[in-house]
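Taking it in order: structure first as structure tokens, then the write-up.
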Amino acid sequence: GVEWFTQSLAGRLMGVQALGPGASLSGDAAAQHADRTGSTGTWTRPAGVNSVLAYVTGAGGGSEYEDSSYRAAGGGGGGTAIKWIENVAASVSWTVGQGGLHGTTAGSAGGTTSFGSYCTGMGGQGGQDGQSNMYGARGGGATGGDLNVPGGGAGFSHGSNSEQGGGMSFWTQAGSAHHPVAGTITGTSHGRLGAGGGTGYYSENDKNKYNGGAGIILLYYYS
């Protein structure tokens, strides 16, 4: 049903807050943001706020690359839990997951993002290129939400003319690169807001090494 959404409109919207490394960015800074660093903290309920609509997104997985054989695998996107929280606690510990790191045979998985014990978004897998395991990584799941949205799976490249994007998060998707242009790569292939890292096999100044994006928490405040 849609009861959770109907309930979220019961009070007056009082504000919106984002938690995580990309929370304060806008314009071109946001478009080119490629920070995979996670963060933690304690949220304090603002005066007059009784309920919160929370979007909790896990981090994206890192990509895998293998220049010698033209193979590359994108990282999976982080999952997102969406939850309406009535009578939210006065303080809540939160964690925003760290994006997965790129690798030559396997990218690492993205970290878990959580808003207290209310809900959790898991990170996407890292891309894989082992002898028996070659695949674009699957996305992360989510738990505790009224709606749990899985992260998107990533593509796998097995040739010199096919690069793939990373797995999509609830918010965005990373692209891919073949001959990347200096100065634009952070806005194309590194994951952002829980997206997995994209792929590219050329080792031009290490520009084929794409990380997953850190997760994010978005909170809508209601009276």
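Values below: all heavy atoms of this structure, side chains included; hydrogens, waters and symmetry mates excluded.
Not counting sequence neighbours, the partners of Gln128 by the side chain to side chain contact (heavy atoms under 4.5 Å, CB included) test are Ala106, Tyr135. Every residue two or more places apart in sequence or in another chain that forms a ring pair (Phe, Tyr, Trp, His ring centres under 6.0 Å) with Trp171 is listed here: Tyr55. Residues satisfying the side chain to side chain donor-acceptor pair (under 3.5 Å) test with Thr104, not counting sequence neighbours, are none. Under the side chain to side chain contact (heavy atoms under 4.5 Å, CB included) criterion, Ala137 pairs with Gln125, sequence neighbours left out. For Ala142, the side chain to side chain contact (heavy atoms under 4.5 Å, CB included) criterion is met by Ala81, Asn148, not counting sequence neighbours.
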What pairs of donor and acceptor atoms, side-chain ones from residues 39-50 against any protein atom, are under 3.5 angstrom apart with sequence neighbours left out?
unit_1 : atom_1 : unit_2 : atom_2 : d
Trp43  : NE1    : Tyr221 : OH     : 2.7
Arg45  : NH1    : Val88  : O      : 2.7

Under 3.5 Å, which donor-acceptor pairs link side chains of residues 112-121 to any protein atom two or more places apart or in another chain?
unit_1 : atom_1 : unit_2 : atom_2 : d
Thr113 : OG1    : Thr57  : O      : 2.8
Thr113 : OG1    : Gly97  : N      : 2.9
Tyr118 : OH     : Ala89  : N      : 3.1

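Interatomic distance, Ile216 CD1 to Leu193 CG, rounded to the nearest 0.5 Å: 5.0 Å. For the atom pair Ile217 CD1 and Leu19 CG, the distance stands at 5.0 Å (nearest 0.5 Å). Atom CD1 of Ile85 sits about 7.5 Å away from atom CG of Leu219, to the nearest 0.5 Å. Considering CZ of Arg36 and OG of Ser108, their distance stands at 6.0 Å, rounded to 0.5 Å.
Between the side chain of Ser223 and the main chain of Arg12, a donor-acceptor pair closer than 3.5 Å is present. With hydrogens and angles ignored, the 3.5 Å screen pairs no side-chain donor or acceptor of Ser63 with any backbone N or O of Thr199. Put simply, the side chain of Asn211 never gets that close to the backbone of His190: no donor and acceptor are under 3.5 Å apart. No donor-acceptor pair under 3.5 Å is formed between the side chain of Ser51 and the backbone N or O of Tyr222.
Linking ILVMFWY residues whenever their side-chain heavy atoms come closer than 4.5 Å, directly or via other members, places Leu53 and Val149 in the same cluster. Taken together through direct or relayed side-chain contacts under 4.5 Å among Ile, Leu, Val, Met, Phe, Trp and Tyr, Trp84 and Ile82 form part of one hydrophobic cluster.
Of all heavy-atom pairs spanning Ser169 and Ala195, the tightest one is CB-N, 3.7 Å. Pairing each heavy atom of Ala174 with each of Ser189, the nearest pair is CB-O, 3.5 Å.
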Exercise. When you look at Lys83 and Val56, which way does the side chain to side chain contact (heavy atoms under 4.5 Å, CB included) test go after all the steps?
Worked result: CA-CA 8 Å; Lys83 186 174 183 64; Val56 178; over 6 Å; no
